[in-house]
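Here the structure is laid out as structure tokens; the discussion comes afterwards.
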There are 2 protein chains.
Amino acid sequence: MKELLLTPESFRLDGRLWLQGPTDRFMGIGRLELLGHIAETGSISKAAQAMSMSYKKAWDLVNSMNAQVNTPLVSTQTGGSHGGGAVLTPAGRQVLEAFSAAQERFQEFIRQETERLLG
Amino acid sequence: MKELLLTPESFRLDGRLWLQGPTDRFMGIGRLELLGHIAETGSISKAAQAMSMSYKKAWDLVNSMNAQVNTPLVSTQTGGSHGGGAVLTPAGRQVLEAFSAAQERFQEFIRQETERLLG
DNA sequence: AAGCGTTATATTCTGTTGAACATAACGCTT
DNA sequence: AAGCGTTATGTTCAACAGAATATAACGCTT
């Protein structure tokens, strides 16, 4: 009977993937989810609530992303019938889709490596 | 002429891979490099110097790794002709090798994804 | 016995990060 | 004009992480 040093009950392979931009982090799993919630809800504040994140934090993230590209990812509007809102621009949808796909392939990579290391 | 939103001059795909243990992080790129330097130098303090890391930090990391497995990865000795020292156990060499390989495959994954996203 | 380089461990300081709170502006609705 | 939900922005406080400093113990060498 062979003793394994690393068992899947006690150890878990994990990882993160991100895009580093000119000044700050540009895209990561948190920012990606935030973009998804903004697309769904049409609002930064509702997206923040959905992630149990403060509005300020969410706004800072949106601001950081928009500041690092020529074409902003999120377009915002203050005032109006519903108080304002936020939508993804075409550039925003493009980034969301591309990074989502990369993220899924990364999860698949982690599954494979988990099999190798702990399986 | 097609304008790219994300150019490889301004954006860089990066990532991290780690093994989460029962209590703490168990293995990551930093701990891996530390194990490598310990294997080379036979000393925690020399390994720490090589990484511009305080001895205490290095010792804490070694202690954290050893505490999370039945068979320690690093065997230490105090006192003696050279003051003491540290060597990798067979388990330590095994973990070093296995995680190094995973790390290399991860770097290759990042290269591929960089090509897709920014290439 | 003194000196050495190392492991082993605690404490203190400090910088960074995130949370919490507070306020203003905006444009529609009533 | 007052109220609303939202975007936009600053400040303050708490928690955590890392760096710096300090000290002891150990076992060989001289």
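Chain letters run A, B, ... following the sequence lines, proteins first and then strands; every chain starts at 1.
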Could you tell me whether the phosphate oxygens of C/dA8, OP1 or OP2, come under 4.0 Å of any side-chain nitrogen or oxygen in B/Trp59?
yes

Donor-acceptor contacts, no H, no angles, side chain residues 98-113 of chain A, under 3.5 Å, sequence neighbours left out:
residue	atom	partner	partner atom	Å
A/Ser100	OG	A/Leu96	O	2.9
A/Arg105	NE	B/Glu113	OE1	3.2
A/Arg105	NE	B/Glu113	OE2	2.7
A/Arg105	NH2	B/Glu113	OE1	2.8
A/Glu108	OE1	A/Arg111	NE	3.0
A/Glu108	OE1	A/Arg111	NH2	3.0
A/Glu113	OE1	B/Arg105	NE	3.2
A/Glu113	OE1	B/Arg105	NH2	2.8
A/Glu113	OE2	B/Arg105	NE	2.7

Annotated protein contacts, base or backbone, on nucleotides 25-30 of chain C with a non-hydrogen cut-off under 4.0 Å, one of B, S, - each:
-BBSS-

Please examine the side chains of A/Val69 and B/Leu6, heavy atoms only from C-beta on, and report whether any two atoms are closer than 4.5 Å.
yes

Mark yes or no for whether B/Arg93, through its side chain, and B/Leu88, through its backbone, hold a donor-acceptor pair below 3.5 Å.
yes

For the hydrophobic clusters of this structure (ILVMFWY residues joined by side-chain heavy atoms under 4.5 Å, transitively), does one cluster hold both A/Leu117 and B/Leu17?
yes

Just the rounded figure in Å: distance from P of D/dA19 to CG of B/Leu61.
11 Å

Can you give each donor-acceptor pair under 3.5 Å made by side-chain atoms of residues 55-67 of chain A, sequence neighbours left out, with the distance rounded to 0.1 Å?
residue	atom	partner	partner atom	Å
A/Lys56	NZ	A/Asp60	OD2	3.1
A/Ser64	OG	A/Arg31	NH1	3.0
A/Ser64	OG	A/Gln68	NE2	3.2
A/Asn66	OD1	A/Leu73	N	2.7
A/Asn66	OD1	A/Val74	N	3.1
A/Asn66	ND2	A/Val74	O	3.0

Mind checking whether B/Leu5 and A/Val95 have side chains closer than 4.5 Å, heavy atoms only?
yes

When you measure from the side chain of B/Ser43 to the backbone N and O of B/Gly85, does any donor-acceptor pair fall under 3.5 Å?
no

Please report, rounded to the nearest Å, how far the P atom of D/dA17 is from the CZ atom of B/Arg25.
11 Å

Residues from residues 31-58 of chain B lying under 4.0 Å of DNA chain C - heavy atoms:
B/Ser43, B/Ile44, B/Ser45, B/Lys46, B/Tyr55, B/Lys56

Measure the distance from CG on B/Asp60 to P on D/dA20 and round it to the nearest whole Å.
15 Å

Side chains of B/Arg16 and B/Ile29, heavy atoms from C-beta outward: is any pair under 4.5 Å?
yes

According to a 3.5 Å limit on both distances, what stems of 3 or more consecutive Watson-Crick or G-U pairs are formed with DNA chain C?
C:1-30 with D:1-30

Going by heavy atoms in the side chains, are A/Phe26 and B/Ser10 under 4.5 Å from each other?
no

Closer than 3.5 angstrom, by distance alone: can the side chain of A/Thr89 be matched with the main-chain N or O of A/Pro72 as a donor-acceptor pair?
yes

Whole-Å gap separating P (C/dA8) and CG (B/Asn63)
8 Å

Side chains of residues 75-84 of chain A: which donor-acceptor pairs under 3.5 Å do they make with residues two or more places apart or in other chains?
none

